[in-house]
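This report refers to the structure that appears directly beneath it.
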Amino acid sequence: MATEKTACILCSRNCGLTVTIENGKFTRIRGDDEHPVSKGYICQKAARLEHYQNHADRLTHPLKRQADGSFMRVSWDEALGDVARRLIAIREKHGGRAFAFYGGGGQGNHLGGIYSQQLHKAMRSRFVYSSLAQEKTGDFWVNGRLFGHQTCHATEDVEHADYVLFIGTNPYQAHGIPNARDTLRDLQRDPARTMVVVDPRRSETARQADIHLQIKPGTDAFLMLAMLSLIVREGLHDREFLSQHCQGFAELEKELLAVPIADYVHRSELALGDVERVARGFATARTACVRIDLGIQQTLHTTLNSYLEKLLYLLTGNFAKRGGNNLHTFLLPLIGHSDERQPRSPRTAHHRMFPIAGLYPPNILPDEITHAGEDRIRAMFVDSSNPVLTAADTAAYERSFGKLELLVVVEVAMTETARMAHYVLPAASQFEKWEATGFNLEFPENAFHLRHGLFPPLAESLPEAEIYTRLLERMGEIPPRFPLLEALARREPQITGHTVFLATLAATLVRQPRWRPYAASIMYRSLGKALPEGAALAAPLLGLTTVYARRHNVAVRRAGHHGNRLTLGAALFRAIIDRRAGTLMSIHTFDDTWSLIRHHDRRIDLAIPEMLSELRALGSEAVPAADFPFILMAGERRSYNANQIFRDPAWRKVDRHGALRLHSADAQELGLSDGARASCRSATGEVQVVVELDDSLRRGTASLPHGYGQRYRDSEPAGPQINRLTTAAHCDPLTRTPFHKYVPVHITPIAT
Ligand SMILES: Nc1nc2c(c(=O)[nH]1)N[C@H]1C(S)=C(S)[C@@H](COP(=O)(O)OP(=O)(O)OC[C@H]3O[C@@H](n4cnc5c(=O)[nH]c(N)nc54)[C@H](O)[C@@H]3O)O[C@H]1N2
Ligand SMILES: Nc1nc2c(c(=O)[nH]1)N[C@H]1C(S)=C(S)[C@@H](COP(=O)(O)OP(=O)(O)OC[C@H]3O[C@@H](n4cnc5c(=O)[nH]c(N)nc54)[C@H](O)[C@@H]3O)O[C@H]1N2
Ligand code: SF4
Ligand SMILES: [Mo]
């Protein structure tokens, strides 16, 4: 029996855990009081992690698909040798345009992404598709314009705000804010603080709120515009903040003053008095912040919603202060920056789509494989994602993936996507290797948690670091050994902070420019050998901590790390390697926020022309046609769903069917009772569901959960495959993120 420290991998909070392990199994899972952020907090899902670690769909050996569709076990050498040959042949014949990568990390595993991104470079491809680009790219795009860089990402200080506006998010179930249920309880209990929830459903969070605005789905842009207009008309905006830190307000103000408030509130089917109360309360609170998520990011006006949500805290000066919204730092960068206005912005062949934050939207991928002629995507890697079930239009994904000349899936489990692959490469699980995430989104205190491997890799599975490094070696991109760097890494005393190693590495990359994209694998193969057992794959973090400590020197010192200009990064690196419960990496001041803005003048640019014209067009927008009687919110977060991380349905304690929730009055009109079977049909497809009566829904809406539909051990799908109902074309015109929360459907009883 052993007690170890790790973290939960089921959502972006990555709560610290103390686990008991007996005979290769988790026998007890508790919150870790020593974790610098979660401080002992967990939710009910973490206790079920054994169902991720051990189950019948785990992959044990590399597999090659045969002509009859079955899989044959092959050796790593054979698999990687053949994949390398086929990749090189495709690159030589068709160039980088023919290759795309999908994924790069889920809710708990982003270190692997440092290695997989080297493959895009080896393939000379820029096409990285990601789940993030079906939810957050509207947000990133707006950040790029407001703050000067798409990596400027705002967080919200819910714990210290007097007034909190939750729009389109249900943190009680989905978390996303620190220690969500405790934080919500504190908010609710304090009579001096106010909590407002905007949601068409009386969600678990809405039930705890002081005010619930039960909005008509897809109309948040109207509501937020009405609020902003009220604030400006009543002079409740923060003039001093705006003149000191922002530009473009005059232009924006003109648009806001023209908003027909009563009409817009009417469109969102809310009471004017309630909206006035919230707008005034929010604008006059001592501190206020806004927390949003998929409810406005996966519905009509996605990008505009992201803009308006940010204007709420910016116009009221609730930025760069305690209890407001703030920018934060990243150690492990989750995203990049791409500016579509640059003439060299790499566009896709069919949709001419540009990247946002370095990512392309899953919505266009089937067309880029099927309809792009000679410039089509022919080969793909999918890693840490199950797009056949999670991207819009499952049938389109099945058809297009079936046309690829080479599909390689790097996975821990036999997923619906893996079943379509030519090669399936087994990864060690997130508890069988050292891992970490880039979900370090806190401010002013930010932390990083490098988890240590707890079990040996299952059978022949390997960490991604090893898989991609071997592949690059097989492709002839890098040699297998770097003797000089290796010797230096072993010899250099820690006290010098790896400075000689880093300087020699830099000199090597200057001499050998073709190795430059592969610094991660080079560090893994050299410095890695001098690190504690299992930690080799964390070697590239030294590069990241060095850059981070240089940029945020004072903040890193404030967090208790010591060293001079050259050695502070290495000290942070050592602390990250050594501290099993996670490490505080920086303590900033709220004023530092201004240095995180990337416009040269450190001012926020409020007037975004594309958004102002969309805002103007809103007034003449027709109310969407009602060919289908219900709006389905496809993808609710509930107590027993967790993206695609679990496959064995036995992990669920309740809601085995992943029921379709429906207001009882609607159900009655349809002749449906609780537990009845029904067909849910959209313009794209149909799924059969079990109905659950639930008066928390607005009339005319229905809800299905995210994260179901896996075919565990080749069985029938467990619960609805909701993306059989969604379609790629129903999306935000700018970012192409899908309207998963706004799917028009028919619901009809199934005779039994
Ligand atoms: N239990 C659990 N937690 C999770 C996950 C999980 O699978 N399971 N997944 C994680 C991931 S990847 C993410 S991105 C987050 C997502 O976290 P959230 O976005 O908070 O969760 P959702 O349930 O998808 O949607 C939030 C709310 O949006 C509401 N909504 C729907 N349409 C509208 C609308 O038009 N306007 C407004 N204002 N609200 C609307 C829904 O009723 C719902 O209550 O959750 C994370 N946490
Ligand atoms: N209709 C609808 N569709 C949605 C949503 C919705 O609300 N409605 N939500 C969207 C959102 S917000 C998201 S984030 C996506 C999520 O969709 P995905 O990105 O497809 O889901 P994940 O759970 O992140 O996928 C993780 C995969 O990684 C595998 N895995 C786990 N550990 C490891 C590891 O260590 N190494 C490797 N290589 N693989 C590993 C798991 O087996 C799993 O298959 O779904 C999106 N799709
Ligand atoms: S699911 Fe999220 S909130 Fe729950 S324990 Fe895991 S990381 Fe924490
Ligand atoms: Mo997500």
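By the neighbour-count criterion of 12 heavy atoms within 6.0 Å, atom CZ of Arg28 is sparsely surrounded, having that number or fewer from other residues, nucleotides or ligands. By the 6.0 Å contact criterion, CZ on Arg185 is enclosed, its count of non-hydrogen atoms from other residues, nucleotides or ligands being greater than 12. Other residues, nucleotides and ligands contribute at most 12 non-hydrogen atoms within 6.0 Å of the OH atom of Tyr172.
Taking both residues in full, the closest heavy atoms of Ser461 and Glu432 are given as OG-OE1, 4.0 Å, listed atom of the first, atom of the second, then distance. His120 and Phe99 get closest at one heavy-atom pair: CA-CE2, 4.4 Å. Residues Leu454 and Glu4 come closest through the heavy atom pair CD2-CB, 3.6 Å. Taking each heavy atom of Ser116 and Asp383 in turn, the nearest pair found is CB-OD2, 4.3 Å. The heavy-atom pair separating Ala320 from Phe590 by the smallest distance is O-CB, 3.7 Å. Heavy atoms only, all atoms of each residue included: Ile577 and Pro532 are closest at CG2-CG, 4.0 Å.
When only modelled atom types and interatomic distance are considered, Ser586 and Tyr548 share a side-chain donor-acceptor pair under 3.5 Å. Side-chain atoms of His35 and Asp32 include no donor-acceptor pair closer than 3.5 Å. Side-chain contact annotation: Asn143 with Lys310, donor-acceptor N/O pair under 3.5 Å present. In this structure, a donor-acceptor pair under 3.5 Å is present between the side chains of Asp592 and Thr589. Under 3.5 Å, the side chains of Asn564 and Thr567 contain a donor-acceptor pair of N or O atoms.
For Tyr524 and Tyr468, the gap between ring centers reaches or exceeds 6.0 Å. Here the two rings, on Tyr129 and Tyr360, have centers that are under 6.0 Å apart. Ring to ring, Phe448 and Phe573 are not that close: their centroids are 6.0 angstrom or more apart.
Residues Phe439 and Gln107 have side chains in contact (heavy-atom distance under 4.5 Å, counting atoms from C-beta outward). A heavy-atom distance below 4.5 Å is found between the side chains of Phe381 and Val83.
Checking each of Ile522, Leu472, Leu471 against Gln118 for a side chain to side chain contact (heavy atoms under 4.5 Å, CB included) leaves exactly one that passes, namely Leu472.
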